[in-house]
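First listed ligand is number 1; within each ligand, the first listed atom is number 1.
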Amino acid sequence: MGAGKSDYFPLKGGDFSDAGVGSKCLRSELAEMGVPGETIRRAAICAFEAEINVIIHAVAGSLNYRIEGDEIKITVTDMGPGIEDIGLAMKEGYTTAPDWAREFGWGSGMGLPNIKKNADALQIDSVPGEGTTLEIIINLRADGQK
Ligand SMILES: Nc1ncnc2c1ncn2[C@@H]1O[C@H](COP(=O)(O)OP(=O)(O)OP(=O)(O)O)[C@@H](O)[C@H]1O
Ligand SMILES: [Mg+2]
């Protein structure tokens, strides 16, 4: 494999126009590389849920992906407000989504659990008042199974 592929996408709180841009790009990059559909699906779900979380819950941030060696690394970072209790945020159904986001159908409290379910590894670092960083790893295995 060559030097690997990476890309960067800015995200802005409250602005759905950026929603799905990074995850879609990652999806087509992986398809072009001939990655199994199941792996692409898992990577795209993780990237999309993380993008939406920045748009709904945060002020501004970015998605960066890197496909290198035998893994895809997706880093989604933002500038606050941060997550007070990560254990609670990981619980299915827990949400603090504002009304405007619920009107778009978001706010089931399923995004982070869904990322956890689909990622091979997930690390969440968050400092209240400063921001949150998700590091998601998807292994590039031949069969695409987790
Ligand atoms: N980037 C973030 N910054 C601040 N808080 C966040 C962030 N991502 C998640 N959270 C907190 O964790 C909670 C759970 O997130 P999760 O993605 O599971 O559900 P949701 O975004 O509320 O709803 P859904 O993802 O189903 O639309 C959020 O409601 C919010 O309180
Ligand atoms: Mg969410």
Side-chain angles (χ1 to χ4, degrees), residues 4-31 33 35-141 143-146:
K5 290 185 170 143
S6 64
D7 215 335
Y8 169 90
F9 304 87
L11 294 161
K12 205 158 80 217
D15 184 356
F16 275 109
S17 61
D18 293 330
V21 177
S23 47
K24 200 178 240 172
C25 216
L26 173 60
R27 185 188 274 275
S28 28
E29 193 73 70
L30 293 170
M33 291 168 67
V35 169
E38 179 59 16
T39 304
I40 298 177
R41 192 188 65 82
R42 293 198 289 112
I45 287 172
C46 291
F48 187 55
E49 290 288 359
E51 280 177 307
I52 294 291
N53 275 356
V54 173
I55 290 165
I56 287 178
H57 304 292
V59 178
S62 63
L63 178 146
N64 171 273
Y65 69 73
R66 171 166 284 278
I67 309 162
E68 194 161 34
D70 60 0
E71 68 178 31
I72 309 161
K73 188 198 263 188
I74 304 162
T75 307
V76 180
T77 190
D78 69 60
M79 295 177 235
I83 301 173
E84 204 80 51
D85 183 340
I86 294 174
L88 188 58
M90 290 301 301
K91 284 215 170 101
E92 291 189 6
Y94 175 81
T95 183
T96 62
D99 286 343
W100 66 263
R102 289 167 193 259
E103 278 162 26
F104 285 99
W106 298 99
S108 304
M110 291 306 291
L112 290 176
N114 214 8
I115 294 172
K116 177 86 184 164
K117 199 169 78 195
N118 283 284
D120 288 299
L122 167 65
Q123 192 184 320
I124 305 179
D125 292 304
S126 191
V127 180
E130 285 188 22
T132 301
T133 299
L134 265 65
E135 196 181 278
I136 298 156
I137 303 286
I138 309 281
N139 294 331
L140 287 170
R141 293 202 190 107
D143 64 1
Q145 297 304 307
K146 194 180 158 181

*Please lay out, stage by stage, how Ile138 and Cys46 fare under the test side chain to side chain contact (heavy atoms under 4.5 Å, CB included).*
CA-CA 9 Å; Ile138 309 281; Cys46 291; 4.1 Å; yes
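- The protein non-hydrogen atom at the shortest distance from atom 12 (O) of ligand 1 is Ala89 CB, 3.4 Å.
- Taking a cut-off of under 4.0 Å to the non-hydrogen atoms of Pro113, the atoms of ligand 1 that pass are 18 (O).
- The distance from ligand 1 to the heavy atoms of Glu49 drops below 4.0 Å at these ligand atoms: 25 (O).
- The Mg ion (ligand 2) lies at 2.8 Å or more from every N, O or S atom belonging to Ser108.
- At least one donor-acceptor pair closer than 3.5 Å links the side chain of Asp78 to the backbone N or O of Thr132.
- Put simply, the side chain of Arg102 gets close to the backbone of Ala97: a donor and an acceptor are under 3.5 Å apart.
- One option in Gly131, Gly109, Gly111 has a heavy atom closer to atom 23 (O) of ligand 1 than any other, and that option is Gly109.
- Thr96 OG1, 2.5 Å is the protein heavy atom nearest to atom 31 (O) of ligand 1.
- Using cut-offs of 30° and 60° on the angle between ring planes, the pair Phe104 and Phe16 is tilted.
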*Determine, stepwise, if the pair Glu51 / Ser23 fulfils side-chain hydrogen bond (donor to acceptor under 3.5 Å, both in side chains).*
CA-CA 8 Å; Glu51 280 177 307; Ser23 47; 2.6 Å; yes
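- Under 4.0 angstrom from ligand 1, there are no non-hydrogen atoms of Met90.
- Remark: side-chain polar atoms of Arg42 are paired, donor with acceptor, to backbone N or O of Asn118 under 3.5 angstrom.
- The existence of a salt bridge linking Asp7 and Arg66 is excluded, since no basic side-chain nitrogen approaches an acidic carboxylate oxygen closer than 4.0 Å.
- Comparing heavy-atom distances from atom 11 (C) of ligand 1 across Ile86, Asp78, Ile83 singles out Ile83 as nearest.
- Any N or O atom pair closer than 3.5 Å counts here, and Ala58 shares no such pair with ligand 1.
- When only non-hydrogen protein atoms are considered, atom 8 (N) of ligand 1 lies nearest to Asn53 ND2, 3.4 Å.
- Annotation for ligand 1: atoms under 4.0 Å from non-hydrogen atoms of Trp106 are 27 (O).
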*Check the pair Ile45, Ile115 against side chain to side chain contact (heavy atoms under 4.5 Å, CB included), reporting the backbone distance first and the verdict last.*
CA-CA 7 Å; Ile45 287 172; Ile115 294 172; 5.9 Å; no
*Applying side-chain hydrogen bond (donor to acceptor under 3.5 Å, both in side chains), run through Gln123 and Asp125 and close with a yes or a no.*
CA-CA 7 Å; Gln123 192 184 320; Asp125 292 304; 2.8 Å; yes
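- Annotation: Leu112 places an N or O atom under 3.5 Å from an N or O atom of ligand 1; distance criterion only.
- With ligand atoms numbered from 1 in the order given, ligand 1 contributes 23 (O), 24 (P), 26 (O), 27 (O) to contacts under 4.0 Å with heavy atoms of Ser108.
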